[in-house]
Asker: 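Below is one structure. I have some questions about it.
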Amino acid sequence: MSSENGRSGGGAEGAPPEQLALIRESVRKAEVPRAKPRTWRGAALAKELPVARVLVDKGVLHLDRYFDYAVPEELDAEAQPGVRVRVRFGAGRHRVREGRREGGGLIDGFLVERLAESDYSGPLAALAQVVSPERVLSEELLGLARAVADRYAGSLADVLQLAVPPRSARAEQRPSPEALPPPGIPEAGSWARYERGAAFLESLAAGGAPRAVWNALPGPEWSDELARAVAATLVSGRGALVVLPDGRAVARVDAALTALLGEGRHAVLTADAGPEKRYREWLAVRRGAVRAVIGTRAAMFAPVQDLGLVAIWDDGDDSHSEQHAPQPHAREVLLLRAALDKCGFLLGSWSCTVEAAQLVETGWARPLVAGREQVRAVAPLIRTVGDQDLARDEAARAARLPTLAWQAVREGLRHGPVLVQVPRRGYVPRMACANCRAPARCRHCSGPLEGQESGTALRCGWCGRDESGWHCPECGGFRLRAQVVGARRTAEELGRAFPAVPVRTSGREHVLDTVPGAPALVVSTPGAEPVAEGGYAAALLLDGWAMLGRPDLRAGEDALRRWIAAAALVRPQGAGGTVVVVAEPTLRPVQALVRWDPVGHAVRELAERAELGFPPVSRMAAVSGTGEAIAEFLQTVELPGEAEVLGPVPLPVTTVGRPRRVGAPPPGEHWERALVRVPPGRGAALASALKAAQAARMARGAGEVLVRVRIDPPDIG
DNA sequence: AGCACGCCGACT
DNA sequence: GTCGGCGTGCTC
């Protein structure tokens with residue numbers, strides 16, 4: 001029966017995610033004679049398969065299992081697996097009064113399966129209603145949702161809320177367009193620049209399932225290259241899915257696909273379309289009328305039929321993290337899909353995350369890279385300005401801008417637009433070596449050291465140990481400095497320095513898509529850089545040390561990714577393209593930028609993470625709540641033997657008014673956070689233990705203020 | 001969460 | 001006897 005549902009041993013985890021409660025349940029029930037599907041009312045039931053297994057749509061963990069209902073004869077035809085239903089659900093013995101069974105109200109659910117008999121021993125209530133005959137929840141999507149719920153210690157209902165859009169009756173009425181036959185084989189195009197580019201497309205077109213981590217060359221070709229990978233998959237008669245970090249990237253791939261294949265072959269799933277249009281597009285995909293899908297992260301669940309390829313662009317962008325529980329990351333969801341559906345996988349980026357490097361390192365995916373001569377041909381010239389240059393550069397220091405930067409901007413403005421990247425505000429100041437600026441880390445668990453407001457006391461942000469005799473393991477220094485970000489002013493000063501040149505800004509509130517090729521200063525925060533017609537003549541990357549100073553695990557990777565994202569918009573070195581980065585040239589991410597070697601950087605980071613017991617080599621979970629709640633929770637949970645608990649340590653108290661991060665404590669409350677880490681391969685065991693403990697607690701503690709569990713916490717210092 | 005069941009003390 | 005306190009457990 002379909003309860004098997006093809007669990008992958010895939011991805012990094014081998015162990016099948018288990019639902020202990022369910023297993024125990026079925027063992028116990030197996031001794032009891034199976035109930036005939038009788039209802040208290042004895043209404044006429046469906047003659048075949050009169051039992052409907054229903055997933056009740058309540059995001060509560062201890063309800064994260066199926067309930068059986070009887071199928072009345074009149075609903076027999078419509079009550080097919082995958083439809084939305086409404087059922088009575090609530091407490092109460094079978095209170096039979098006036099021939100009517102009362103109790104809980106009507107709630108929504110999905111019909112998962114039709115069965116001949118139930119393993120529930122009591123009498124079954126009847127399905128109240130089939131909301132619509134549209135079978136929105138396919139077996140594949142259910143299997144994926146379950147795998148995601150297991151991976152993230154979340155509930156199936158929560159994941160389904162992310163995966164299946166709300167119904168719009170009007171959208172269901174309309175017929176979807178006719179499906180088009182597969183297109184002709186596309187040319188390899190600029191994929192020819194990559195050593196195995198053409199072979200990758202050929203494999204997709206031939207029905208293969210190649211898996212690649214693609215380090216894209218700088219420049220605008222990436223969107224067309226993604227479109228060609230999609231087209232190649234369509235050739236094989238299969239579908240393709242591409243997840244992109246934001247609306248601008250979606251628009252570019254949309255344009256590339258339309259140019260390559262014309263209209264009508266692909267759907268665009270983004271949040272900013274209205275609910276009805278969104279559901280209409282989604283239905284066209286579900287019904288098989290459209291075989292290719294592009295979109296932002298919600299599209300990661302798109303029910304593409306006969307999936308041949310899943311792809312993600314720029315997996316280091318944090319908008320790939322879902323904001324809603326259980327906060328799955330698009331890359332991880334696509335990894336699960338590739339394993340479950342045995343389809344092709346393509347992770348592309350100008351830069352490279354450690355997770356991407358790990359996929360290559362473990363042999364799960366192959367690198368799709370260009371040779372060094374290709375890189376040299378398209379990358380700009382990178383120059384650095386470090387502290388020593390600044391010190392020597394007394395005149396420029398007054399203006400907060402080194403001479404080299406002045407020269408690069410002045411020269412660039414003679415030939416075209418110049419990009420100035422300034423960091424966003426809001427980085428948390430933490431402690432670093434005053435000499436070499438390496439983040440200060442705990443000698444016991446390698447967590448980040450945090451300075452107290454006034455005093456000299458240092459404490460680890462993970463395990464809470466006090467640190468008195470700190471010295472820098474990199475350079476031997478023993479003085480610390482707080483990393484403070486001061487930015488933006490520099491850009492304004494720049495504008496004043498070149499009064500004849502227009503200054504345009506692009507940032508959070510107002511993001512520019514493109515700028516013309518004429519000379520202009522374009523000031524932008526990371527991620528909001530407009531594309532310049534013909535490429536920027538130069539780029540200036542300011543306050544690099546501030547980006548690097550955060551003791552966040554990803555500080556180096558993030559800084560490099562942002563620099564590369566800006567530098568990839570600059571003309572090749574041969575065409576005069578120059579990038580000046582104000583950061584210490586000895587630092588690893590700066591060197592990686594100079595050599596244009598993001599993959600090498602990620603590989604080294606990965607090795608270091610393995611050594612220190614960091615994710616993604618180890619897997620971590622964060623448990624947050626009041627100190628009491630955490631202590632009680634940690635006593636209950638049966639962690640895998642190898643698990644290691646760090647902390648708990650107090651979390652900063654949220655102040656009222658400021659926008660609150662997801663998962664942060666309610667304003668004014670004193671919360672703490674513990675981290676749990678397990679060695680490679682034990683992630684599934686950790687998630688399942690945490691989920692079981694949550695479920696047990698909920699059932700007991702009347703669902704009061706509990707702890708929050710977050711797998712892969714993004715901000716672990 | 002709800003909501004009913006049940007096993008204990010004070011009351012028309 | 002029976003009304004109702006809330007402690008405990010279930011929801012097909």
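The chains referred to below are lettered A, B, ... by the order of the sequence lines, with proteins before strands, and numbering in each begins at 1.
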Asker: Please state how far atom CG in A:Asp68 lies from atom P in C:dC12, giving the value in whole angstrom units.
Answerer: 11 Å
Asker: Who pairs with A:Asp246 by salt bridge (Lys or Arg N to Asp or Glu O under 4.0 Å), at least two apart in sequence or on another chain?
Answerer: none
Asker: Partners of A:Phe301 by ring pair (Phe, Tyr, Trp, His ring centres under 6.0 Å), sequence neighbours excluded?
Answerer: none
Asker: Has A:Tyr120 got its ring stacked on C:dC12, by the test of a centre gap below 5.5 Å and a plane angle below 30°?
Answerer: yes
Asker: Between C:dC12 atom C1' and A:Leu115 atom CG, what is the distance in whole Å?
Answerer: 12 Å
Asker: For the residue pair A:Tyr279 / A:Glu172, report whether a side-chain donor-acceptor contact shorter than 3.5 Å exists.
Answerer: yes
Asker: Using whole Å, what does the distance between atom C1' of nucleotide B:dA4 and atom CZ of A:Phe89 come to?
Answerer: 15 Å
Asker: Quickly work out the A:Arg88 CZ to C:dT11 P distance and round it to whole Å.
Answerer: 17 Å
Asker: Round to a whole Å and report the spacing from CD1 of A:Ile107 to C1' of C:dC12.
Answerer: 11 Å
Asker: Closer than 4.0 angstrom, basic N to acidic O: yes or no for A:Arg677 and A:Glu642?
Answerer: no
Asker: Round to the nearest Å and state the distance from A:Arg53 atom CZ to C:dC12 atom C1'.
Answerer: 10 Å
Asker: To the nearest angstrom, how far is A:Tyr66 atom OH from C:dT11 atom P?
Answerer: 18 Å
Asker: Starting at atom OH of A:Tyr69, determine the distance to atom P of C:dC12, rounded to an integer number of angstrom.
Answerer: 5 Å
